[in-house]
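Here's the structure we're looking at; comments come further down.
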Amino acid sequence: MEVLYFAWVRERIGLPRERVETTAPTVMALITELMAREERYALAFSDLKSLRVALDQKLSSFDAPLAGVREVAFFPPMTGG
Amino acid sequence: MEVLYFAWVRERIGLPRERVETTAPTVMALITELMAREERYALAFSDLKSLRVALDQKLSSFDAPLAGVREVAFFPPMTGG
Amino acid sequence: MRLSVQEVEFDAGAELNAFSAGLAGAGAVVSFTGIVRDSDGTLSAMEIEHYPGMTEAAIAAIITQAQTRWDLADVLVIHRYGKLEPSAQIMMVATASRHRLAAFEAAEFLMDYLKSRAPFWKKEIGRDGSTWVDAKDEDESALKRW
Amino acid sequence: MRLSVQEVEFDAGAELNAFSAGLAGAGAVVSFTGIVRDSDGTLSAMEIEHYPGMTEAAIAAIITQAQTRWDLADVLVIHRYGKLEPSAQIMMVATASRHRLAAFEAAEFLMDYLKSRAPFWKKEIGRDGSTWVDAKDEDESALKRW
């Protein structure tokens with residue numbers, strides 16, 4: 001599964017994207033796995049209220065299942081326009 | 001006093017403007033004088049709900065006094081924009 | 001502020017660019033362009049009559065009201081009169097402000113007031129004669145929201 | 001419909017004219033241009049990050065929503081990414097409809113959704129470092145009116 005990071009999430013983790021091998025059933029389970037890896041991940045995901053997730057480029061929620069998903073993206077609330 | 005007519009008021013009366021000598025104290029009194037003149041005036045002023053008046057180029061009301069006014073204009077509700 | 005009541009066509013894009021070029025501190029520019037619409041394919045022209053002198057004063061007063069109400073970096077109003085073909089541009093307003101809400105609201109306010117409080121009268125010239133456009137109740141009631 | 005997510009500058013006036021030239025039956029065109037605002041004179045640039053692929057899909061979905069809700073003759077959305085100088089244009093929307101209310105509402109709807117639902121992130125690069133622009137509560141609550 002491709003995991004993408006944008007804006008300050010990308011900066012805190014230090015990567016724009018990476019390939020993650022996981023059997024996490026939900027977004028929340030994936031976050032928990034990532035947070036356990038290293039301090040920089042723990043920091044990036046420490047405040048979930050200021051995070052959004054997209055599954056295969058569609059906005060989704062933390063309890064969404066990951067079955068069949070190829071691309072997960074984490075980012076702060078959007079500030080376009 | 002200069003009296004101006006616009007849009008269908010102008011068309012019904014057949015003039016864009018005319019000089020009127022009057023001692024009418026209010027717009028309403030002026031309208032009554034004009035209506036008494038000729039059929040075309042009576043027709044133009046027959047439905048006051050669909051008429052507006054400006055005194056010296058400011059929107060006003062039919063009961064407004066005419067003292068000191070140099071220019072009176074009659075026209076239908078505006079349709080700009 | 002730029003206010004023009006004119007017979008000749010204007011270039012909305014060039015006006016928008018000139019308006020935007022002169023701004024300082026604005027984050028939002030809203031423009032509105034009104035176009036002669038041929039609803040049912042029978043319109044040959046739109047004739048716009050106006051009240052020279054009062055027109056400019058009325059529009060200037062409407063602009064002043066908008067400037068009092070919203071923090072505007074600049075305002076533009078162009079309104080034509082005379083004979084206009086279908087698809088011709090009738091008028092344009094532009095507003096600039098720090099934030100989008102003020103720019104949108106001020107542009108809508110200007111449009112609502114220009115519609116019912118600036119001395120213009122539209123006549124539709126069709127193949128089978130011509131008719132003065134009636135003021136709509138909804139245009140009068142649109143003023144109540146401000 | 002025209003949708004462009006691009007790094008290069010655009011000419012808002014030329015875009016407005018091209019948009020208006022292609023319309024049939026529209027009486028009202030509304031445009032919005034967003035500009036990099038240097039609030040306190042310390043901004044050296046605005047960096048806009050985006051999510052290629054998702055950005056285009058998200059904007060297209062927002063446009064479809066607007067077209068479902070209002071009777072629109074046409075819609076234009078241009079949004080830039082990359083490094084923008086103060087006073088540069090960030091983005092533009094335009095809407096065309098028979099009546100002014102629909103054109104205004106649709107443009108405001110597009111702006112409200114682009115602000116909070118299209119994957120762009122703004123970073124202000126100042127003389128003393130850089131900061132990601134925080135999403136505002138008011139931007140999220142602006143969506144509730146639709």
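Quick note: numbers below take in every heavy atom, side chains included, and nothing from hydrogens, waters or symmetry partners. Residue numbers start from 1 in every chain, and the chains themselves are labelled A, B, ... in the order their sequence lines are given, proteins ahead of strands.
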Exercise. Does A/Thr79 reach the main-chain N or O of D/Lys122 with its side chain, forming a donor-acceptor pair under 3.5 Å?
Worked result: yes
Exercise. Chain D heavy atoms under 4.5 Å from A/Arg10: which part of the residue, side chain, backbone, both or neither?
Worked result: side chain
For this session: Measure distances from D/Arg80 to the heavy atoms of chain A and classify the residue's part below 4.5 Å as side chain, backbone, both or neither.
Result: neither
Exercise. More than 12 foreign heavy atoms under 6.0 Å from CZ of A/Arg70: is that the case here?
Worked result: no
Exercise. Of all of A/Arg52, A/Glu11, A/Glu71, A/Lys58, which one pairs up most often with chain D through heavy atoms under 4.5 Å apart?
Worked result: A/Glu11
Seminar exercise, completed: Answer key: most heavy-atom pairs under 4.5 Å with chain A among D/Glu140, D/Met111, D/Arg117, D/Lys136 is D/Arg117
Exercise. Which bit of A/Ala54 is near chain D, if near means a heavy-atom gap under 4.5 Å: side chain, backbone, both or neither?
Worked result: side chain
For this session: Using the side chain to side chain contact (heavy atoms under 4.5 Å, CB included) rule, pick out the option among D/Phe120, D/Trp121, D/Tyr51 that qualifies with A/Met78.
Result: D/Trp121
Exercise. Does any non-hydrogen side-chain atom of D/Lys123 lie less than 4.5 Å from one of A/Trp8?
Worked result: no
Problem set entry | Whether D/His79 side chain and A/Gly81 backbone form a donor-acceptor pair below 3.5 Å | yes
For this session: Measure distances from D/Asp134 to the heavy atoms of chain A and classify the residue's part below 4.5 Å as side chain, backbone, both or neither.
Result: backbone
For this session: Specify which of D/Met91, D/Glu49, D/Glu47, D/His50 makes the most heavy-atom pairs with chain A at under 4.5 Å.
Result: D/Glu49
Exercise. In terms of heavy-atom contacts, does CG of D/Asp137 have more than 12 from other residues, nucleotides or ligands at under 6.0 Å?
Worked result: no
For this session: Pick one of side chain, backbone, both or neither for D/Ala57, based on which atoms fall under 4.5 Å of a heavy atom in chain A.
Result: neither
